[in-house]
Peer 1: 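This structure is in structure tokens; I'll ask about it shortly.
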Amino acid sequence: QVQLVESGGGLVQAGGSVRLSCAASGRAFSGYARGWFRQAPGKEREFVAAITWSGGSTHYADSVKGRFTISRDNAKNTVFLQMNNLKPDDTAVYYCARTLRPLSSWPYEYDYWGQGTQVTVSS
């Protein structure tokens with residue numbers, strides 16, 4: 001069974017930085033890709049960033065482009081989300097997920113999800 005566990009969330013001031021981690025257990029497959037989503041209270045879950053596992057190609061939502069960086073450590077089966085210049089609108093629960101469709105931005109194309117980690121940005 002594949003398990004994803006996010007960590008690194010917390011309270012940060014606007015303009016600050018946070019790095020999220022997502023560790024995966026189970027057998028690793030190079031054909032899979034990993035993505036980050038976020039969901040604020042009362043809002044729909046939205047795509048943040050994705051990365052292919054073998055080649056490391058990335059794709060970002062326009063709202064975070066230039067501020068967030070997604071990366072991965074294949075040996076440790078871990079994906080990261082470096083978040084810089086945070087804004088109050090970035091406040092949400094952040095989820096790590098796995099997909100067979102590289103760089104997909106659609107939640108229904110992801111088959112495994114982590115429990116989420118809260119990121120709160122104060123003004």
Side-chain angles (χ1 to χ4, degrees):
Q1 181 178 350
V2 177
Q3 294 185 4
L4 303 173
V5 180
E6 302 96 333
S7 62
L11 178 64
V12 61
Q13 294 183 1
S17 299
V18 171
R19 189 176 82 154
L20 304 181
S21 299
C22 175
S25 62
R27 186 177 180 181
F29 297 94
S30 61
Y32 292 120
R34 204 86 64 85
W36 285 97
F37 290 77
R38 66 185 183 185
Q39 187 168 23
K43 298 184 179 180
E44 296 182 355
R45 186 168 299 184
E46 65 175 349
F47 170 77
V48 176
I51 185 169
T52 61
W53 209 243
S54 59
S57 299
T58 60
H59 179 64
Y60 299 90
D62 290 339
S63 60
V64 306
K65 193 174 300 182
R67 299 188 298 120
F68 291 9
T69 302
I70 187 171
S71 61
R72 84 273 193 258
D73 186 331
N74 299 69
K76 296 182 178 180
N77 209 5
T78 301
V79 65
F80 306 94
L81 184 67
Q82 178 67 45
M83 304 187 294
N84 298 326
N85 192 24
L86 286 164
K87 305 175 181 179
D89 287 346
D90 295 320
T91 296
V93 176
Y94 284 73
Y95 297 91
C96 176
R98 187 197 72 175
T99 181
L100 296 176
R101 303 290 296 274
L103 305 183
S104 173
S105 61
W106 301 103
Y108 64 83
E109 293 183 339
Y110 289 76
D111 55 355
Y112 286 95
W113 294 79
Q115 83 289 347
T117 184
Q118 176 71 46
V119 175
T120 302
V121 184
S122 63
S123 59

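FYI, the numbering just counts along the sequence from 1.
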Peer 1: Can you tell me how far apart OG (S17) and CG (N85) are? Round to the nearest 0.5 Å.
Peer 2: 8.0 Å
Peer 1: If you draw the axis of the six-membered ring of Y32, does the NZ or CZ of R98 fall within 45° of it and under 6.0 Å from the ring centre?
Peer 2: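 Yes - R98 lies over the ring of Y32, closer than 6.0 Å to its centre and within 45° of its axis.
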Peer 1: Could you check whether any side-chain heavy atom of W53 comes within less than 4.5 Å of a side-chain heavy atom of V79, counting everything from C-beta outward?
Peer 2: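 W53 reaches V79 side chain to side chain.
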Peer 1: Do R38 and V119 come within less than 4.5 Å of each other through their side chains, counting heavy atoms only?
Peer 2: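 No. Closest side-chain heavy atoms not under 4.5 Å.
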Peer 1: Hey, is K65 close enough to D62 for a salt bridge, meaning N to O under 4.0 Å?
Peer 2: yes
Peer 1: State the OG1-CZ distance between T58 and R72, to the nearest 0.5 angstrom.
Peer 2: 10.0 Å
Peer 1: Less than 4.5 Å apart, side chain to side chain, heavy atoms only: is that true for L11 and Q118?
Peer 2: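 Not in contact.
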Peer 1: Is it possible for you to say whether F80 and L20 belong to one hydrophobic cluster, with membership spreading through side-chain heavy-atom contacts below 4.5 Å?
Peer 2: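 No, because F80 and L20 fall into different hydrophobic clusters, even though each may have its own neighbours under 4.5 Å.
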Peer 1: Tell me, do L4 and R34 make a side-chain contact under 4.5 Å, heavy atoms counted?
Peer 2: yes
Peer 1: Rest of the hydrophobic cluster containing V93 (Ile/Leu/Val/Met/Phe/Trp/Tyr, side-chain heavy atoms under 4.5 Å)?
Peer 2: F37, F47, Y95, Y110, W113
Peer 1: Does some side-chain heavy atom of M83 sit less than 4.5 Å from a side-chain heavy atom of R67?
Peer 2: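 Not in contact.
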Peer 1: If you link ILVMFWY side chains whenever their heavy atoms are less than 4.5 Å apart, which other residues fall into the same cluster as Y108? By chain and number, please.
Peer 2: W106
